[in-house]
Amino acid sequence: MLKKLFSGFSSKYFSNEGGYGGIDFVMAYRIIDCFNKGLPQDMDVYDGVAWSVVGPLSKISIEMGSSPVPFPDFTRGQWKNSRSLGVLEIQ
């Protein structure tokens with residue numbers, strides 16, 4: 001599917017010059033493509049917060065002698081419900 005989605009672009013965009021093996025370009029393209037097509041983003045604010053809290057929780061854990069730190073449920077249990085990610089749909 002990705003090959004079809006990005007078939008109109010030159011392979012130079014996927015080279016190491018693009019950063020992280022070209023994935024920066026792919027992610028930026030995906031965001032812009034979703035905006036242009038009115039599609040929901042593949043990540044939401046809850047994903048962003050969950051990814052971002054790992055650093056501060058790690059710091060707290062280290063300060064407490066590497067003790068486990070509870071991971072907050074920012075979704076209030078909604079993570080249990082499946083959600084559709086447009087990137088996984090074949091168009």
Side-chain angles (χ1 to χ4, degrees):
M1 181 186 145
L2 284 178
K3 190 173 186 179
K4 179 182 173 189
L5 183 63
F6 299 107
S7 63
F9 294 93
S10 168
S11 62
K12 75 176 184 174
Y13 291 110
F14 296 98
S15 71
N16 287 332
E17 295 173 19
Y20 300 103
I23 197 66
D24 290 352
F25 168 77
V26 172
M27 297 305 293
Y29 179 84
R30 176 69 186 155
I31 290 169
I32 293 167
D33 190 48
C34 286
F35 284 145
N36 287 337
K37 293 180 179 176
L39 299 172
Q41 297 295 301
D42 300 321
M43 286 183 58
D44 60 19
V45 68
Y46 299 105
D47 293 324
V49 171
W51 286 30
S52 299
V53 77
V54 173
L57 290 179
S58 297
K59 181 179 184 281
I60 292 168
S61 173
I62 291 167
E63 289 171 351
M64 294 173 39
S66 297
S67 297
V69 177
F71 197 94
D73 180 7
F74 298 107
T75 69
R76 297 187 199 123
Q78 292 301 309
W79 62 271
K80 298 174 188 175
N81 300 328
S82 64
R83 60 183 181 175
S84 175
L85 296 178
V87 71
L88 300 176
E89 296 174 10
I90 298 175
Q91 298 178 8

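Worth saying up front: this structure is predicted, and the values here are computed from it rather than measured.
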- [ ] List the atom of Gly48, the atom of Ser52, and the distance in Å for their closest heavy-atom pair.
- [x] O-OG, 2.8 Å
TODO: Look at the side-chain heavy atoms of Ile, Leu, Val, Met, Phe, Trp and Tyr, link any pair under 4.5 Å apart, and say whether Met64 and Val54 land in one connected group.
DONE: yes
- [ ] Working to the nearest 0.5 Å, report the span between OG1 of Thr75 and CG of Asp47.
- [x] 9.5 Å
Task: Sub-4.5 Å side-chain heavy-atom contact between Val53 and Phe71 - done: yes
Task: Any donor-acceptor pair under 3.5 Å from Ser61 side chain to Leu57 backbone - done: no
Open item on the list: Rounded at 0.5 Å granularity, tell me how far CE in Met43 sits from CE in Met27.
Closed with: 7.5 Å
Open item on the list: Same cluster or not: Val49 versus Ile31, using hydrophobic residues (I, L, V, M, F, W, Y) connected whenever any side-chain heavy atoms lie under 4.5 Å apart?
Closed with: no
- [ ] For Asn81, enumerate each residue passing the side chain to side chain donor-acceptor pair (under 3.5 Å) test, keeping only those at least two apart in sequence or located in another chain.
- [x] Gln78
Task: Note, Val69 side chain near Ser58 side chain (heavy atom, < 4.5 Å) - done: no
TODO: Inspect the surroundings of OH in Tyr46 and state if more than 12 heavy atoms from other residues, nucleotides or ligands are less than 6.0 Å away.
DONE: no
TODO: Any chance you could measure Asp33, atom CG, to Gln41, atom CD, to the nearest 0.5 Å?
DONE: 10.0 Å
